Amino acid sequence: MNTQPAHPKIDPIFERYTTPGSPGAVVGVMKDGAIVYRQGYGLANLENQVPMTPSTVFNIGSISKQFTAFAIALLEADGKLCLDDDMRQYLPEMHNFGATITIRHLIHHTSGMRDTFPELLALAEWRNGDITLMQDAFWLLCNQCELNFPPGEEFSYSNANYILLARICEQVSGQPFATFCQQRIFEPLGMSNTLVLDSVDKIVPQRAGRYYEDGQGGWIHAILSDAVIGPTNVHTNLADLAKWDENFYTGQVGGPAVMQRMLQPGLLNNGSSTEYAFGLEAGPSHQHRGWQVIQHGGEHGGHCSFMLRLPECHLSVVVLINVFLWDVRSYALKVADVILDEMGLSPQADTPAGPPETISPVELSAAQLSNKAGIYFNTRRAALRQVTCENGKLLYQGMPLAPLSERRFYFTDVPDVRIEFTAEQDAPASGLSLTTGGRVYDYQRMEVIPLNPAELPQYAGRYYSPELDTTWVLAMQEDHLVINCRKPVEGKLSPVSRDFFHADWQPAMSYPHRFLIVFERDPDGTITALRLTGDTVRRVKFERR
């Protein structure tokens with residue numbers, strides 16, 4: 001597959017990857033079943049100065065999830081499983097949580113399972129470069145005795161769900177997951193450059209190197225030594241992704257009914273939609289310029305990817321990059337805009353579109369702002385949020401807010417995200433509600449009980465998590481507490497209130513996180529345990545020894 005002549009509007013989008021010695025990118029545009037533009041930029045390998053081409057192979061990270069979900073949909077069509085089956089029917093090693101987790105819960109990320117990567121693995125002291133096999137991740141999941149929330153109550157994206165789906169596929173099919181995908185998906189579609197990487201030492205022809213920025217204008221290797229399959233580790237290239245994309249229109253493999261099943265979002269117990277289908281983001285909120293968008297991104301060890309489809313236009317865009325980025329989606333949308341403009345495609349006449357909301361900030365007094373400052377706590381998610389008032393502005397976790405009224409605010413950087421404070425007139429706010437992506441998160445103001453430094457030693461001691469098989473030693477260091485682990489990392493505890501601490505540290509997998517640690521006491525006031533909450537794990541218990 002040869003690189004095409006330059007495109008005057010698409011190529012400038014990827015200008016940063018044309019700098020000599022830079023990692024690179026691949027972009028592909030599919031229209032009506034054909035690749036109408038493909039281009040490679042920069043280098044696939046920095047050491048050997050190998051140029052990036054549209055044939056270069058990438059680890060597509062979480063885009064892999066749609067293949068895992070498709071494998072489950074194929075088994076359902078075969079009559080070999082039902083989406084409402086209890087996962088423990090196939091994985092009896094898993095803990096009985098007292099509530100049924102179904103295959104459907106796993107597909108739509110509504111199971112409540114804590115996430116293995118990066119948080120559980122990091123907390124269990126995996127380092128960058130440590131080999132992580134499927135059995136390592138599965139052991140961690142089998143060891144979990146509590147859920148983040150009851151099944152079906154919430155949507156919470158977790159790689160753990162798709163690890164379990166891959167295991168279920170193996171149990172039902174009697175084949176290794178990689179073999180099943182090769183025989184039932186990749187080979188029938190002619191995806192000759194695609195594989196599920198289930199071994200850390202397997203050679204992948206034409207695979208791009210992986211890089212991070214070093215902060216000094218250079219590049220460093222993104223170390224990756226894992227063979228965890230289900231949520232990630234599908235390796236492929238642009239041409240093969242185009243074949244997979246077209247299958248959503250033709251149903252060549254699986255048939256039309258299965259492909260339609262792939263696009264059905266999940267439902268929560270209250271009947272609301274998750275807008276997450278079978279490894280795909282799909283639903284009313286996923287639109288661009290009035291067109292429906294079906295999409296998913298991925299990031300794994302310095303390979304970043306995004307794939308979006310506008311089915312009403314029979315148009316898709318793929319972007320693959322071999323350096324870590326937070327927002328690959330923006331590249332894909334910019335490319336889509338170029339093609340939509342060139343083809344004169346505008347929203348369908350019957351596309352419902354209400355008038356855009358007018359954002360009109362109002363002026364509030366210093367008192368009206370300051371009475372909203374404080375610490376807010378969500379007991380269900382064990383999450384703390386801080387609102388401060390600085391230089392006449394309200395900040396939520398350091399992000400500036402602008403007032404729409406005395407109680408309603410929006411994020412100046414993300415106007416669609418809103419906050420509404422609960423308060424009587426002129427009284428301090430008693431709580432807040434944050435609305436984002438159609439979901440509402442409620443927080444109550446927490447009474448902050450100042451902690452005297454002389455009280456800190458009472459928290460020192462040994463704490464053990466049976467779910468992680470990990471021991472922490474909390475010790476005093478000068479005037480603060482630190483976490484000492486088997487694999488040393490910087491772990492300082494900062495008190496928020498009595499028994500509430502922030503742990504600002506970088507776990508062994510080099511993913512900086514802010515964890516919330518809450519200490520538990522018995523009726524006599526003796527500290528008996530601590531519970532840790534992060535982005536994707538809630539209330540992990542460490543018992544005091």
Side-chain angles (χ1 to χ4, degrees), residues 23 43-48 50 56-65 67-68 114-143 158-160 162-164 166-167 170 176-179 181 193-214 218-237 297-305 320-325 468-470 485-489 505-513 536-537:
L43 296 176
N45 183 286
L46 301 188
E47 290 88 343
N48 299 313
V50 178
T56 303
V57 171
F58 290 78
N59 183 340
I60 56 172
S62 289
I63 294 180
S64 306
K65 289 181 172 68
F67 294 102
T68 303
R114 292 167 176 155
D115 200 358
T116 48
F117 183 86
E119 289 191 325
L120 282 181
L121 283 167
L123 293 170
E125 300 187 26
W126 254 256
R127 293 181 189 264
N128 270 359
D130 285 353
I131 291 177
T132 310
L133 304 179
M134 194 67 167
Q135 51 263 44
D136 298 320
F138 190 56
W139 178 88
L140 272 174
L141 294 178
C142 288
N143 235 31
S158 172
N159 292 297
Y162 278 71
I163 292 172
L164 297 176
R167 295 283 293 203
E170 292 182 331
F177 181 67
T179 302
C181 290
N193 294 290
T194 303
L195 76 158
V196 174
L197 189 70
D198 58 356
S199 172
V200 295
D201 52 10
K202 186 174 291 186
I203 293 175
V204 181
Q206 301 189 75
R207 177 167 51 177
R210 303 176 298 268
Y211 306 99
Y212 292 123
E213 295 187 57
D214 66 1
W219 311 98
I220 57 176
H221 279 291
I223 301 173
L224 181 65
S225 301
D226 88 77
V228 177
I229 55 177
T232 185
N233 271 324
V234 167
H235 284 62
T236 189
N237 67 4
E299 184 279 318
H300 203 82
H303 280 188
C304 295
S305 53
L320 307 168
I321 297 176
N322 67 333
V323 62
F324 175 77
L325 292 175
L468 301 170
D469 191 22
T470 298
C485 305
R486 180 170 55 90
K487 295 183 178 179
V489 292
W505 65 314
Q506 185 162 292
M509 293 190 80
S510 295
Y511 281 79
H513 281 284
T536 59
V537 299

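Model, not experiment: these values are computed from the prediction. The residues of the chain are indexed from 1 along the displayed sequence.
- Side chains of Leu133 and Asp136 form a contact here, defined as non-hydrogen atoms less than 4.5 Å apart.
- Considering every non-hydrogen atom in both Trp126 and Ile131, the closest pair reads NE1-O, 3.5 Å.
- Not one N or O on the side chain of Asn59 forms a donor-acceptor pair closer than 3.5 Å with the backbone of His303.
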Inset, instruction - Apply side chain to side chain contact (heavy atoms under 4.5 Å, CB included) to Asp198 and Lys202, showing your working. - result: CA-CA 8 Å; Asp198 58 356; Lys202 186 174 291 186; 3.2 Å; yes

Inset, instruction - Evaluate side chain to side chain contact (heavy atoms under 4.5 Å, CB included) for Val204 paired with Leu195, printing each intermediate quantity in order. - result: CA-CA 9 Å; Val204 181; Leu195 76 158; 4.2 Å; yes

Inset, instruction - With side chain to side chain contact (heavy atoms under 4.5 Å, CB included) as the test, would you mind laying out the steps for Ile321 and Tyr211 before giving the verdict? - result: CA-CA 10 Å; Ile321 297 176; Tyr211 306 99; over 6 Å; no

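- Nearest heavy-atom pair across Phe58 and Ala208 is CE2-CB, 4.2 Å.
- Between the side chain of Asn45 and the backbone N or O of Glu47 there is at least one donor-acceptor pair closer than 3.5 Å.
- When side chains are defined from C-beta on, Thr68 does not count as touching Pro231, because their heavy atoms never get closer than 4.5 Å.
- With hydrogens and angles disregarded, a donor-acceptor distance shorter than 3.5 Å links the side chain of Asn159 to the backbone of Phe117.
- The main-chain N or O of Cys304 is never found under 3.5 Å from a side-chain atom of Glu299 such that the two would form a donor-acceptor pair.
- Rounded to the nearest 0.5 Å, atoms CE (Met134) and CG (Asn233) are 10.0 Å apart.
- For the pair Arg167 and Phe138, the distance from NZ or CZ to the six-membered ring centre is under 6.0 Å and the angle to the ring normal is within 45 degrees.
- In this model, a donor atom of one side chain and an acceptor atom of the other lie less than 3.5 Å apart for Glu119 and Thr536.
- Partners of Asp226 according to the salt bridge (charged side-chain N to carboxylate O under 4.0 Å, His left out) rule, which considers only residues two or more places apart in sequence or in another chain, do not exist here.
- Smallest separation of non-hydrogen atoms from Ala44 and Asn322: O-ND2, 3.3 Å.
- Taking the six-membered ring for Trp and the full ring otherwise, the centers of Phe324 and His300 sit at least 6.0 Å from each other.
- In terms of modelled atom types and a separation under 3.5 Å, the side chain of Ser305 and the main chain of Ile60 share a donor-acceptor contact.
- Counting heavy atoms from C-beta outward, Thr116 and Ile163 have side chains that approach closer than 4.5 Å.
- Two residues are said to be in side-chain contact when any heavy atoms from C-beta on lie closer than 4.5 Å; Trp139 and Asp469 meet this criterion.
- Nearest heavy-atom pair across Ala124 and Thr470 is CA-OG1, 3.7 Å.
- Across all their heavy atoms, His221 and Tyr212 have their closest contact at O-CD1, 4.0 Å.
- With sequence neighbours excluded, the residues forming a side-chain hydrogen bond (donor to acceptor under 3.5 Å, both in side chains) with Ser62 are Lys65, Tyr157, listed by chain and number.
- You'll find the side chain of Asn143 stays beyond 4.5 Å of the side chain of Leu468, heavy atoms only.
- For the residue pair Leu197 and Arg207, the shortest heavy atom distance occurs at CD2-NH1, 3.6 Å.
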Inset, instruction - Would you sort out whether Asn237 and Gln206 count as a side chain to side chain contact (heavy atoms under 4.5 Å, CB included), showing the intermediate values? - result: CA-CA 9 Å; Asn237 67 4; Gln206 301 189 75; 5.8 Å; no

